[in-house]
Amino acid sequence: MNNVLNASAYLFVPLPDAASLREPLLARAQALGLKGTILLATEGINLFLAGAPEAVRALLDHLRADPRLADLQAKESWSENVPFARLRVKVKREIIRMDHPAIRPAAGRAPALPAPVLKRWLDQGHDDAGRPVVLLDTRNAFEVDYGAFDGAIDWRLAKFSAFPQALREHLGELRGKTVVSYCTGGIRCEKAALVMREAGLSDVWQLEGGILKYFEEAGGAHFRGSCFVFDAREALDPGLQPARA
């Protein structure tokens with residue numbers, strides 16, 4: 001029976017007191033019996049947690065009680081077992097490393113594209129203005145090998161911090177097109193979209209909630225394979241269940 005709730009969530013928001021949040025947050029998550037990882041940085045929060053449904057949701061409610069985190073939205077999936085071995089709460093320089101300090105998502109997001117709209121664009125073969133749509137995978141190469149959107153651009157990234165240089169090398173192939181960046185849960189494609197806008201691309205979107213939210217709202221249409229996740233489940237199918245080898 002799938003009675004373990006898995007939740008992933010992130011939010012770019014200024015948290016100058018990130019370091020002081022660690023200990024009380026660790027204590028609260030331990031008391032609730034949760035396992036997984038919570039990353040804190042001055043640019044925001046990123047978490048992957050699993051446990052009893054009421055415990056996971058209690059922690060999310062606790063976080064949202066901080067007005068700065070009121071907009072924290074979680075993507076949910078279910079499993080038979082907790083896919084994490086332990087609980088970690090860590091303070092980092094970035095909640096997703098890019099080594100591009102000029103990019104500050106909390107100062108303003110690139111436009112977010114809901115999953116049903118992306119599906120409609122892919123169904124019709126163009127965006128609502130009739131422009132060709134290019135899907136850009138911002139994940140690492142080994143993740144892409146598990147599964148990806150049909151026809152998506154894959155720059156074979158070894159790590160996310162290599163994205164800005166890859167963009168400089170391939171900028172020409174994106175000009176004149178509507179570009180939709182995507183990743184697992186939204187955090188990488190959010191930063192990537194801002195870098196593309198900084199580079200002068202005007203028609204850039206980020207897939208809201210990444211592949212996991214797309215699976216939840218649009219199923220597996222236009223997607224081949226499974227989505228790699230960084231826990232013991234390894235990969236999820238479009239039904240958000242562990243993919244069978």
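Everything numeric here is computed off the predicted structure, so don't read it as measured data.
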Side-chain heavy atoms of [X] within contact of [Y], under 4.5 Å:
X	Y	answer
L174	I153	yes
V56	L34	yes
D127	D203	no
E76	R57	yes
I45	L40	yes
D237	F215	no
E190	I187	no
F228	T184	no

Verify the ring-centre separation between Y182 and F149: is it less than 6.0 angstrom?
-> yes

With rounding to the nearest 0.5 Å, note down the distance linking [atom1] in [X] to [atom2] in [Y].
X	Y	atom1	atom2	result
Y10	L72	OH	CG	10.5 Å
L49	L60	CG	CG	7.0 Å
S8	D231	OG	CG	9.5 Å
L26	R88	CG	CZ	12.0 Å
D123	H222	CG	NE2	3.5 Å
K191	I96	NZ	CD1	7.0 Å

Exercise for the section: Please test F223 against L122 for side-chain contact (heavy atoms from CB on, under 4.5 Å), starting from the C-alpha separation and ending with a verdict. Expected result: CA-CA 11 Å; F223 193 94; L122 296 177; over 6 Å; no

Do the side chain of [X] and the main chain of [Y] share a donor and acceptor less than 3.5 angstrom apart?
X	Y	result
R233	P242	no
N140	F142	no
K119	A221	no
K35	V82	no
R22	V89	yes
N2	E80	yes
R139	C183	no

Should [X] and [Y] be counted in the same cluster of Ile, Leu, Val, Met, Phe, Trp and Tyr side chains packed under 4.5 Å apart?
X	Y	value
L47	V229	no
L59	L21	yes
V179	V144	no
L118	V204	no
V134	W205	no

Minimum-distance pair of heavy atoms, taken over all atoms of [X] and [Y]:
X	Y	value
P116	E217	CD-OE1, 3.4 Å
L212	C227	CD2-SG, 4.1 Å
L11	R68	CD2-O, 3.6 Å
L167	A199	CD2-CB, 3.9 Å
A7	A74	CB-CB, 4.3 Å
A235	Y146	CB-CD2, 3.8 Å

| request: Would you indicate whether R120, at its atom CZ, is surrounded by more than 12 heavy atoms from other residues, nucleotides or ligands within a distance under 6.0 Å? | output: yes

* Is the count of non-hydrogen atoms from other residues, nucleotides or ligands lying under 6.0 Å from R28 atom CZ greater than 12? -> no

Q | D137 and R156: CA distance, side-chain angles, deciding distance, salt bridge (Lys or Arg N to Asp or Glu O under 4.0 Å) verdict | A | CA-CA 9 Å; D137 203 315; R156 299 277 86 189; over 6 Å; no

| said: When you compare the side chains of T138 and R188, does any donor N or O come within less than 3.5 Å of an acceptor on the partner? | reply: no

- request: Test ring-ring contact (aromatic ring centres under 6.0 Å, His included) on F48 and F84 and set out the steps.
  value: CA-CA 9 Å; F48 310 87; F84 302 102; 7.3 Å; no

Exercise. Decide yes or no on side-chain contact (heavy atoms from CB on, under 4.5 Å) for I211 and L236, but give the supporting numbers first.
Key: CA-CA 10 Å; I211 299 168; L236 300 182; over 6 Å; no

**Request:** For the pair W155 and Q165, evaluate side-chain contact (heavy atoms from CB on, under 4.5 Å) and give the outcome as yes or no after the intermediate values.
**Result:** CA-CA 11 Å; W155 289 335; Q165 178 59 37; over 6 Å; no

Note to self: I'd like to know whether L171 forms a side-chain contact (heavy atoms from CB on, under 4.5 Å) with L201, so could you lay out the CA-CA distance, the side-chain angles of the two residues, the decisive distance to 0.1 Å, and finally the verdict.
What the structure shows: CA-CA 9 Å; L171 192 60; L201 298 174; 3.7 Å; yes

Basic-acidic side-chain contact under 4.0 Å: E216, K213
yes

